[in-house]
Protein chains: 2
Amino acid sequence: KSVKKGFDFTLMVAGESGLGKSTLVNSLFLTDLYKDRKLLNAEERITQTVEITKHTVDIEEKGVKLKLTIVDTPGFGDAVNNTECWKSVADYIDQQFEQYFRDESGLNRKNIQDNRVHCCLYFISPFGHGLRPLDVEFMKALHEKVNIVPILAKADTLTPSEVKKKKIKIREEIEQYGIKIYQFPDCDSDEDEDFKQQDTELKESIPFAVIGSNTVVEAKGKRVRGRLYPWGIVEVENSAHCDFVKLRNMLVRTHMQDLKDVTRETHYENYRAHCIQSMTRMVVKERNRNKLTRESGTDFPIPVVPGVADSETEKLIKEKDEEVRHPMIHLFMFKFPPSSLQIDFILPNKETVSPQLFFFVCV
Amino acid sequence: KSVKKGFDFTLMVAGESGLGKSTLVNSLFLTDLYKDRKLLNAEERITQTVEITKHTVDIEEKGVKLKLTIVDTPGFGDAVNNTECWKSVADYIDQQFEQYFRDESGLNRKNIQDNRVHCCLYFISPFGHGLRPLDVEFMKALHEKVNIVPILAKADTLTPSEVKKKKIKIREEIEQYGIKIYQFPDCDSDEDEDFKQQDTELKESIPFAVIGSNTVVEAKGKRVRGRLYPWGIVEVENSAHCDFVKLRNMLVRTHMQDLKDVTRETHYENYRAHCIQSMTRMVVKERNRNKLTRESGTDFPIPVVPGVADSETEKLIKEKDEEVRHPMIHLFMFKFPPSSLQIDFILPNKETVSPQLFFFVCV
């Protein structure tokens, strides 16, 4: 059924400016872009990235349709001060989750447009002595929201022994800093030896050392995508030159479904749980404040005194966590996720009340 | 005479971390380091740069001795916030000028150890889309203190056409941002055509695209310094591969004397003029303050009221600028450059007075 209907996949690219993010994306799906000429526009448009942009490409391989969405993020590191450069990317991912959360709670759930980001290719500079503090900060800000696949960018600037050393260093640092990158699922024990071997190789390729190119050059009589240097031709799809083919196979063939499953079952569920919890807290606080306001007999809401009220708030939150299971409240909350809180109801005494609170008051 | 005595030259390297600054320095002077085995230690020590370090190498070529000092600066760009990363480098250059200024004013002027920086190789990333804001800030902070020679680092990551485009872009941006890099002197009109051609080529090479390597590899039967990739061998000294030889010739042969002349005649003289002027201002202000203190009849110095005193200060400064020409004051000031101002004289009424002021009072 899925095969007939086709697949959806959303891929994000992130990392320092100038590491060839846009070029790699074009390289990864060029064979398909070539088939359908009109799609070349996407390539032209992906030139300079100053804000988050989205491109959609329809790919068909052996009769299987794939609707691929590429989310290109602005490269950072160009500025003198790069504090919080990961913020807009993290916000983007959250917004997609929020939209899905809304749609999932709506009436027509059959044709939800799923824009959740299934994978983020994070580009690491080949010049860094391992990870840079910015890389660590960025990945830690995103690793609980999205499947991060680290990429060693522009690997044609490193000799094979340098690539090997750098990969080990980066893997060690990812471990050391507690960064949770995407984990390839374990191989079934009943798989054949060839498959197991391939799986081990894939796991040892992290971070994938890649080279991008959209130029076709002539190498030993055959035309290949590559880079023409005075000292030789770098072939993008030659596995002796880089991990490009490995990365493409992993993304498009072997691990696409797992990347989607982890997004749905782990990252999205985390977001949803967090969202429900913070909504409950908000409702309880507002109810609490409203109660205090009424007791003090004034028309203006008084901020809750911390310390005094907080222990009571915590108690109420626990009660609420139970209440949330009530299907009516559940439904209501889904219709009003946190971002819609600005729509306040005005009561006859001119107090404003949020929809959630209004609902509670009515109940 | 100079040939017999030998030459001194101080070269600084600066720029983003990971661009191969230390490797290039080793590559530039490796032929000479090889001749004298014990000097290899310098190479070993230049590994990680966390602070400004100085290495001295004695080079002899065709009977001409050269004492080369390499100033290695910490690579920046690793931090998330790189504001004012140029400060320690600018301070270092100033300190060498100050030391020379002191020594030049001393009694034994024959054997002054000249540590002034004659040239700064500034490394630009091949991945930037032209200059980065940090590059602009750094070069502008240094361009009036030292001869800046821009370097396009790790050029084996760029194809010849990319190198060409990037060079033009960087030259345009240097012009656009008003960065004053080292200007090669104009060629004499009576030079032969070959020389003129070479000179034009040199000027068009800016920024020098370089590749560094300290590994000897076998290429087409001959042993060369280079980098061994699966797709070919990059030869450091092959002018079809990069501008390494051009840069070395410029530094060691053709332009060394001019770099020293510009340092002495322009950068050092600028520093000296600036220094004398600020010393004069300081003395005048102190004298002025002292005058006010006496008038007010108190033992404590009172800060000069701005606006009221400043016009008088300016007038006095003009008088002082004349006075400075007095050989005695001149000599005295040279003995007490600004950094020695902390040695204050204590007068009988317990007021402290700087040596310059003490001198004026005595005169």
Side-chain angles (χ1 to χ4, degrees), chain A residues 15-21 47-49 75-86 123 125-138 153-163 166 211 213 215 217 219 226-236 238-242, chain B residues 15-21 47-49 75-86 123 125-138 153-163 166 211 213 215 217 219 226-236 238-242:
Chain A
E16 205 177 308
S17 190
L19 292 182
K21 294 185 292 298
T47 43
Q48 271 192 317
T49 353
F76 55 82
D78 268 358
V80 174
N81 185 349
N82 296 295
T83 315
E84 300 221 324
C85 60
W86 42 265
F123 287 64
S125 169
F127 295 164
H129 305 294
L131 292 178
R132 298 185 179 184
L134 202 53
D135 296 326
V136 176
E137 216 178 90
F138 198 98
K154 296 204 170 176
D156 52 346
T157 178
L158 300 172
T159 65
S161 69
E162 287 170 340
V163 167
K166 203 143 279 195
I211 298 158
S213 169
T215 318
V217 290
R227 289 174 62 77
L228 180 63
Y229 287 112
W231 48 87
I233 291 168
V234 177
E235 297 169 42
V236 168
N238 183 334
S239 62
H241 292 188
C242 73
Chain B
E16 205 178 310
S17 191
L19 293 182
K21 295 185 292 297
T47 43
Q48 272 191 316
T49 351
F76 54 82
D78 268 358
V80 174
N81 185 348
N82 296 294
T83 316
E84 298 222 326
C85 61
W86 43 264
F123 287 63
S125 169
F127 295 163
H129 304 295
L131 293 178
R132 297 184 181 186
L134 202 54
D135 296 325
V136 175
E137 216 179 89
F138 198 98
K154 297 206 170 176
D156 52 347
T157 179
L158 299 172
T159 64
S161 69
E162 287 169 341
V163 167
K166 202 144 277 193
I211 298 158
S213 170
T215 318
V217 290
R227 290 173 62 76
L228 182 63
Y229 287 111
W231 48 88
I233 290 168
V234 177
E235 297 169 44
V236 167
N238 183 335
S239 62
H241 292 187
C242 73

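To find a chain, count down the sequence lines: A is the first, B the second, and so on, and within it residues start at 1.
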_Tell me the closest heavy-atom pair linking P230(A) and H241(B), and the distance in Å._
CB-CD2, 3.8 Å
*Is R132(B) paired with E16(A) through a side-chain N to carboxylate O contact shorter than 4.0 Å?*
yes
*D156(A): salt bridge (Lys or Arg N to Asp or Glu O under 4.0 Å) partners, not counting sequence neighbours*: R227(A)
*Gap separating the OG1 atom of T157(B) from the OH atom of Y229(A), nearest 0.5 angstrom*: 4.5 Å
*Is there side-chain contact between F127(B) and F127(A), with heavy atoms separated by less than 4.5 Å?*
yes
*Under 4.5 Å heavy-atom distance to chain B, tell me which part of E162(A) shows up: side chain, backbone, both or neither.*
side chain
*Output all residues satisfying side chain to side chain donor-acceptor pair (under 3.5 Å) with W86(B), sequence neighbours left out; order by chain, then residue number.*
E137(B)
